Amino acid sequence: MPADKVSSSDKAKAKANDLIAYGQRQVDRVVSPPTRQKVYDRVYNLATEKPILFSFVAFQLTLSLAPLLFFAGFAATTIAVSLISAVLFSLFWIGIATLFLVPTLFITFSIALLLWLWAAATFFAGRWAYERLPFGMGEESKVVTNGTSGKKVIFEKKDGDSADFNIKAEAAEAQE
C-alpha cells in the first residue's frame with residue numbers, strides 16, 4: 001500500500017495510540033509504574049480470593065462514581081459562582097461607598113484646612129500682639145514691664161509654689 005493512500009481508520013488508530021501513550025505518560029508522572037503494578041496485583045488478588053466482596057465493591061464504585069463526580073462538579077461550580085458573585089457584590093458596594101467617601105473626604109479636608117488656617121492666623125496674631133505689649137519675660141522667668149513713669153518694674157516669684165510676688169522698681173529708665 002502506498003504511503004500517501006493511508007486510510008482514515010489507520011489515521012484514527014494512530015491518533016488513538018498517540019492519545020493512549022500521552023495518557024500513560026501523564027499517569028506515570030503521577031504514580032510510578034512499580035507502585036501502580038503493586039495496586040493492580042492487590043486488586044487482582046482481592047478479585048480471586050474474595051470474588052463476592054470484590055463484585056460488591058465494583059458495582060458500588062461503578063454505579064456511584066457518576067453521581068459522586070456530578071456532585072463534586074456541582075459543588076465546585078457552586079463555590080466558584082458564589083465566590084465570583086461575592087467579589088462582584090463586594091466591588092459594587094465598595095464603588096457605591098466610594099461615591100460617598102470622596103465628597104466626605106473633600107468636606108473633612110476643607111474643614112481641617114479652615115481650622116488649621118484659623119489656628120495659624122491666631123498664632124501669628126498672638127505673636128504679633130505679644131511683641132508689641134509693654135511687658136515681656138526676663139531671665140529666670142521674671143516678668144518685666146514698663147511702668148507709667150518710664151521705670152522698669154520686675155515681678156519675681158519667690159521660692160515655692162506660693163503666688164506671692166516681690167515687686168522691685170528700678171531707678172533707671174527703660175532703654176528699649
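Keep in mind that this is a model prediction, so the values were computed, not measured.
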*Is the side chain of Ser82 donor-acceptor paired with the backbone N or O of Ile79 at a distance under 3.5 Å, no angle test?*
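Present.
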In one Ile/Leu/Val/Met/Phe/Trp/Tyr side-chain cluster, 4.5 Å: [X], [Y]:
X: Leu61; Y: Phe56; answer: yes
X: Trp93; Y: Leu99; answer: yes
X: Phe100; Y: Phe89; answer: yes
X: Leu46; Y: Val57; answer: yes

_Please find the pair of heavy atoms, one from Asp28 and one from Pro33, that lie closest to each other, and give the distance._
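Shortest heavy-atom contact: OD1-CG, 3.7 Å.
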To the nearest 0.5 angstrom, please state how far the [atom1] atom of [X] sits from the [atom2] atom of [Y].
X: Thr77; Y: Phe70; atom1: OG1; atom2: CZ; result: 11.5 Å
X: Gln24; Y: Arg36; atom1: CD; atom2: CZ; result: 4.5 Å
X: Thr108; Y: Leu115; atom1: OG1; atom2: CG; result: 11.0 Å
X: Leu83; Y: Thr78; atom1: CG; atom2: OG1; result: 10.5 Å
X: Ser7; Y: Lys13; atom1: OG; atom2: NZ; result: 7.5 Å
X: Trp116; Y: Phe109; atom1: CH2; atom2: CZ; result: 10.5 Å

*asked:* Quick check on Ile52: does its CD1 atom have over 12 non-hydrogen neighbours (other residues, nucleotides or ligands) under 6.0 Å away?
replied: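 Counting neighbours around CD1 of Ile52, 12 or fewer heavy atoms of other residues, nucleotides or ligands fall under 6.0 Å, so no.
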_Whether Phe74 and Phe71 hold their rings parallel, tilted or perpendicular, with breakpoints at 30° and 60°_ =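 Answer is tilted, since the angle falls between 30° and 60°.
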*Pair Ser32, Thr35: side-chain N/O donor-acceptor within cut-off below 3.5 Å*: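 Yes.
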*Does a side-chain heavy-atom distance below 4.5 Å link Phe92 with Ile96?*
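Yes, their side chains come closer than 4.5 Å.
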_Contact check, side chains of Gln26 and Val30, non-hydrogen atoms, under 4.5 Å_ =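 Answer no - side chains too far apart.
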*Start with the C-alpha gap between Phe54 and Val43, add the side-chain angles, then the distance that decides, and say whether side chain to side chain contact (heavy atoms under 4.5 Å, CB included) holds.*
CA-CA 8 Å; Phe54 177 77; Val43 170; 3.7 Å; yes
